[in-house]
Amino acid sequence: MTKYYLLIYSKDYYEIKKESDLLIVGDSSNNEVPLIIMPIDDEFIQEIEKLEEK
């Protein structure tokens, strides 16, 4: 089972990363540090996608 994490940088900017890609966060071009790193499941990702569609 693939684990995902929600990384929140600000109220307008977030990313969803796979656990295996989590180390890549420090290599981002803007060098921002996430304020919150939260483990999430598939249901949570589906809810986020529904909200983005609106």
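FYI, side chains are in, hydrogens and waters are out, and symmetry mates aren't considered; it's all heavy atoms of this structure.
Between Tyr9 and Tyr14, the closest heavy-atom pair is CD1-CA, 4.4 Å. Taking all atoms of both residues into account, the shortest heavy-atom contact from Leu7 to Pro34 is CD2-CG, 3.7 Å.
Within the model, atoms CD1 of Ile40 and CD of Gln46 stand 11.0 Å from one another, a figure rounded to the nearest 0.5 Å. Atom NZ in Lys3 sits 12.5 Å away from atom CG in Asp42 (nearest 0.5 Å). Between atom CG of residue Leu6 and atom NZ of residue Lys17 there is a gap of 12.0 Å, rounded to the nearest 0.5 Å. Distance check: Ile37 CD1 to Glu15 CD gives 11.0 Å after rounding to the nearest 0.5 Å.
By the neighbour-count criterion of 12 heavy atoms within 6.0 Å, atom CD of Glu52 is densely surrounded, having more than that number from other residues, nucleotides or ligands.
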Exercise for review: Please assess Glu47 against Lys50 for the test salt bridge (charged side-chain N to carboxylate O under 4.0 Å, His left out), listing each intermediate value before the final yes or no.
Suggested key: CA-CA 5 Å; Glu47 291 299 319; Lys50 286 178 191 175; 3.5 Å; yes

**Study point:** Chi angles and distances behind the side chain to side chain contact (heavy atoms under 4.5 Å, CB included) call for Tyr4, Ile45
**Key:** CA-CA 9 Å; Tyr4 292 92; Ile45 294 171; 3.7 Å; yes

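Within the 4.5 Å cutoff, the side chain of Ile8 has no heavy atoms near those of the Met38 side chain.
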